[in-house]
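A quick write-up on the structure given underneath.
We name chains A, B, ... by the order of the sequence lines, and we start the count at 1 in each one.
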2 protein chains.
Amino acid sequence: MTKKTISASCLIQNALIASRLARKVENRLSVHGLSFTEYLVMDYLDNAPHKAVPRIALAEHVGMSASGVTRLLAPMEKNHLVDKVANQRDARQSLVKLSETGQRVFNEASVSFENIAKDLLVALSTSQQERLVDVYAKLI
Amino acid sequence: MTKKTISASCLIQNALIASRLARKVENRLSVHGLSFTEYLVMDYLDNAPHKAVPRIALAEHVGMSASGVTRLLAPMEKNHLVDKVANQRDARQSLVKLSETGQRVFNEASVSFENIAKDLLVALSTSQQERLVDVYAKLI
DNA sequence: CATATATACTTGCTTAATCAATTAAATGTG
DNA sequence: CACATTTAATTGATTAAGCAAGTATATATG
């Protein structure tokens with residue numbers, strides 16, 4: 001049995017915990033017809049309320065490839081959760097924004113998401129959660 | 001723009017950070033011909049040195065489905081990284097253990113992994129990393 | 001003891017995401 | 001200004017993993 005540094009343990013635990021949490025979130029978000037990734041995208045768009053954002057910025061933010069974003073957004077557009085907006089300054093870009101429907105669906109889903117988050121992180125105090133967010137900020 | 005609780009931020013950041021970290025680990029482990037998931041499996045097996053472990057326990061540990069484990073282990077068996085061992089007490093189970101080759105490959109890869117972990121977590125002090133591991137332990 | 005239920009996998013099929021290649025537009029350089 | 005390079009997005013092909021269904025074995029109950 002190989003000895004491990006704290007960094008290695010940390011990285012391993014992070015991966016294991018994140019995949020467990022993601023699975024649980026996924027299950028519980030499914031009542032809104034959204035995947036966790038879709039929720040993350042909508043959360044990002046919700047935080048950029050006026051500006052429609054380039055797909056590439058979205059990809060960067062959620063840590064996906066450009067093609068991943070194209071494929072993720074395609075059905076969301078078809079279901080009118082997001083709108084595609086042309087960028088006047090740059091014809092290569094197409095911007096994305098939450099549609100009115102998308103905003104409504106997101107608002108509903110985020111009520112669930114708040115409950116999910118509360119449930120999954122119940123073992124951590126508020127200050128532990130705050131410290132965790134600070135720590136994550138250093139890793140970006 | 002919707003207001004968010006600390007729990008929700010925490011859960012979102014956790015997912016975003018974990019996928020970034022996983023991608024970087026994946027890239028750098030690839031020189032050993034291993035995916036991050038394969039590394040996680042081998043790490044688990046390395047920590048259960050004498051006992052061969054049931055596939056179901058492995059699935060549980062790494063947060064994968066049973067079928068996921070079957071499909072992950074198939075090529076690893078073919079490449080002789082792991083051995084399949086029958087359980088005398090229960091013919092349904094087939095146990096997995098690191099082969100000699102697997103152990104060697106893991107030992108080599110874990111040198112890289114230590115460096116990867118050190119690099120990726122360089123922004124965190126040792127004590128922050130320790131606290132992070134403690135926090136993760138509460139979420140299991 | 002026989003039958004029902006539960007458990008440990010495996011297999012078929014589907015899906016989400018990747019990479020590599022492609023297209024189209026913008027920018028920079030001789 | 002023309003041509004090379006870079007950037008944004010999409011498409012084709014592949015892959016990892018999930019769920020549902022199936023098989024085989026083990027356990028529990030009438």
Side-chain angles (χ1 to χ4, degrees), chain A residues 15-16 18-30 33-42 51-79 81-97, chain B residues 15-16 18-20 22-30 33-42 52-79 81-97:
Chain A
L16 294 178
S19 84
R20 279 163 204 267
L21 292 177
R23 173 112 5 99
K24 290 176 187 171
V25 171
E26 195 82 34
N27 288 335
R28 292 183 55 181
L29 271 183
S30 65
L34 296 177
S35 70
F36 193 8
T37 313
E38 285 169 331
Y39 184 82
L40 291 173
V41 163
M42 293 174 93
K51 315 177 283 292
V53 305
R55 292 157 114 79
I56 195 83
L58 195 53
E60 171 77 12
H61 176 80
V62 297
M64 287 176 70
S65 65
S67 65
V69 166
T70 297
R71 296 195 146 99
L72 182 74
L73 291 181
M76 294 178 78
E77 278 162 25
K78 218 172 66 178
N79 298 331
L81 295 173
V82 296
D83 291 327
K84 194 179 231 170
V85 182
N87 181 346
Q88 305 301 347
R89 302 294 186 83
D90 189 338
R92 291 169 307 176
Q93 285 192 345
S94 67
L95 310 174
V96 208
K97 56 179 293 209
Chain B
L16 294 177
S19 84
R20 279 163 205 266
R23 173 118 359 105
K24 291 176 186 169
V25 171
E26 195 82 34
N27 287 337
R28 291 183 56 181
L29 271 183
S30 65
L34 296 177
S35 70
F36 192 9
T37 313
E38 285 170 329
Y39 184 81
L40 291 172
V41 162
M42 293 174 93
V53 305
R55 291 156 115 80
I56 195 80
L58 195 53
E60 171 77 12
H61 177 79
V62 298
M64 288 177 70
S65 66
S67 66
V69 166
T70 297
R71 290 183 212 281
L72 183 73
L73 291 181
M76 294 178 79
E77 277 161 28
K78 217 170 68 178
N79 298 332
L81 294 173
V82 295
D83 291 326
K84 193 179 230 171
V85 183
N87 180 347
Q88 303 302 345
R89 302 294 186 81
D90 188 337
R92 291 168 308 177
Q93 286 193 343
S94 68
L95 309 174
V96 207
K97 56 179 296 206

Could you check which residues of residues 64-74 of chain B get a heavy atom under 4.0 Å from DNA chain D? Sort them by number, please.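 Contacts with DNA chain D under 4.0 Å: B:Met64, B:Ser65, B:Ser67, B:Gly68, B:Arg71, B:Leu72.
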
Atom of [X], atom of [Y] and distance for their closest heavy-atom approach:
X: B:Gly33; Y: B:Glu38; answer: O-OE1, 3.9 Å
X: B:Met42; Y: B:Met76; answer: CG-CE, 3.7 Å
X: B:Ala18; Y: A:Ala18; answer: CB-CB, 3.3 Å
X: B:Ala52; Y: B:Leu95; answer: CB-CB, 3.6 Å
X: A:Leu16; Y: B:Val62; answer: CD2-CA, 3.8 Å
X: A:Met64; Y: A:Thr37; answer: SD-CG2, 3.7 Å

Does CD belonging to A:Glu77 count more than 12 external heavy atoms closer than 6.0 Å?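 More than 12 within 6.0 Å, yes.
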
[atom1] of [X] versus [atom2] of [N]: gap in Å, rounded?
X: A:Asn87; N: C:dA24; atom1: CG; atom2: P; value: 19 Å
X: B:Arg55; N: C:dT7; atom1: CZ; atom2: C1'; value: 15 Å
X: B:Glu60; N: C:dC9; atom1: CD; atom2: C1'; value: 15 Å
X: A:Leu95; N: C:dA25; atom1: CG; atom2: C1'; value: 14 Å
X: A:Gln93; N: C:dA26; atom1: CD; atom2: C1'; value: 11 Å
X: B:Phe36; N: C:dA17; atom1: CZ; atom2: P; value: 18 Å
X: A:Leu34; N: C:dA16; atom1: CG; atom2: C1'; value: 15 Å

Regarding B:Thr37, tell me which of base, sugar-phosphate or nothing describes its non-hydrogen contacts under 4.0 Å with the strands shown.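 Sugar-phosphate, no base atom in range.
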
If you look at every strand shown and take non-hydrogen atoms under 4.0 Å, does B:Ser94 touch a base, only sugar-phosphate, or nothing?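 Sugar-phosphate only.
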
Within the side chain of B:Arg55, is there an N or O that forms a donor-acceptor pair under 3.5 Å with the backbone of B:Ser67?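 Side chain of B:Arg55 to backbone of B:Ser67, a donor-acceptor pair under 3.5 Å: no, none is there.
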
Check whether any side-chain N or O of B:Asp90 sits under 3.5 Å from a backbone N or O of B:Arg92 as a donor-acceptor pair, and report yes or no.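 Checked: pair present.
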
Bend angle of the helix from C:dC1-D:dG30 to C:dG30-D:dC1, end axes from five pairs each (to 10°):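 Inter-axis angle at the termini of the helix from C:dC1-D:dG30 to C:dG30-D:dC1: 10°.
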
Check whether any side-chain N or O of A:Arg92 sits under 4.0 Å from OP1 or OP2 of C:dT23, and answer yes or no.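 For C:dT23, OP1/OP2 do not have a side-chain N/O of A:Arg92 under 4.0 Å.
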
Taking 5' to 3' order, which nucleotide of DNA chain D is first and which is last to have an atom within less than 4.0 Å of a heavy atom in chain B?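 Here the contact window of chain B covers D:dA17 to D:dA26.
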
Quick check on side-chain contact (heavy atoms from CB on, under 4.5 Å): which of B:Asp83, B:Val82, B:Val53 does B:Lys97 satisfy it with?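 Of B:Asp83, B:Val82, B:Val53, side-chain contact (heavy atoms from CB on, under 4.5 Å) with B:Lys97 is met by B:Asp83 alone.
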
Hey, which of these two, A:Ile56 or A:Asn27, hits DNA chain D nearer its 5' end, going by closest nucleotide?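 It is A:Ile56, whose closest nucleotide lies nearer the 5' terminus.
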
Check step by step if side-chain contact (heavy atoms from CB on, under 4.5 Å) holds for B:Val69 and B:Val96. CA-CA 11 Å; B:Val69 166; B:Val96 207; 6.0 Å; no

